[in-house]
Amino acid sequence: MKHPLESLMAAAGILLLALLSCLLLPAPSLGLTLARSLMETFHFTDLNQLYTVLFCLWFLLLGAIEYAVIRVVWRRWFSLTER
């Protein structure tokens, strides 16, 4: 029988891996001209807002990539079902 919190713990583990990746991998660094043009395009008031959104998107992107990779690895090599 499957434990009721198994899916929650799997999602939490994946998010923890994404957080560790965000801490270990360098976040994208924008040049001053690109940052200013993005601030004008998206109507941010300062660079803090821009980089907050940028880091959130970076975190979500890495989390999605890690989820896909871990899922493929799990299904391919650790699956208990016969093919």
Side-chain angles (χ1 to χ4, degrees):
M1 184 171 165
K2 189 174 176 181
H3 193 275
L5 294 178
E6 184 177 351
S7 58
L8 178 66
M9 292 304 292
I14 291 167
L15 286 174
L16 181 63
L17 285 172
L19 175 66
L20 291 174
S21 293
C22 286
L23 293 175
L24 296 174
L25 294 175
S29 176
L30 305 176
L32 191 57
T33 55
L34 178 60
R36 289 197 188 273
S37 73
L38 286 174
M39 282 177 51
E40 291 174 5
T41 302
F42 294 110
H43 305 290
F44 292 127
T45 57
D46 60 354
L47 279 175
N48 290 333
Q49 288 180 341
L50 174 67
Y51 275 104
T52 299
V53 170
L54 181 68
F55 290 151
C56 288
L57 291 174
W58 182 249
F59 177 78
L60 289 173
L61 176 71
L62 286 178
I65 291 170
E66 285 185 9
Y67 174 77
V69 168
I70 289 171
R71 184 176 171 144
V72 166
V73 167
W74 179 262
R75 286 187 170 207
R76 181 170 294 242
W77 289 296
F78 298 107
S79 179
L80 297 176
T81 59
E82 294 287 327
R83 286 181 215 139

>> The test is side-chain contact (heavy atoms from CB on, under 4.5 Å); show your working for F42 and V53 and say whether it passes.
In response: CA-CA 11 Å; F42 294 110; V53 170; over 6 Å; no
>> Applying a strict under-4.5 Å side-chain criterion to I, L, V, M, F, W and Y, I'd like to know whether L34 and L50 cluster together.
In response: yes
> Hey, mind stepping through L38 and F44 against side-chain contact (heavy atoms from CB on, under 4.5 Å) and telling me if it holds?
Replying inline: CA-CA 8 Å; L38 286 174; F44 292 127; 5.8 Å; no
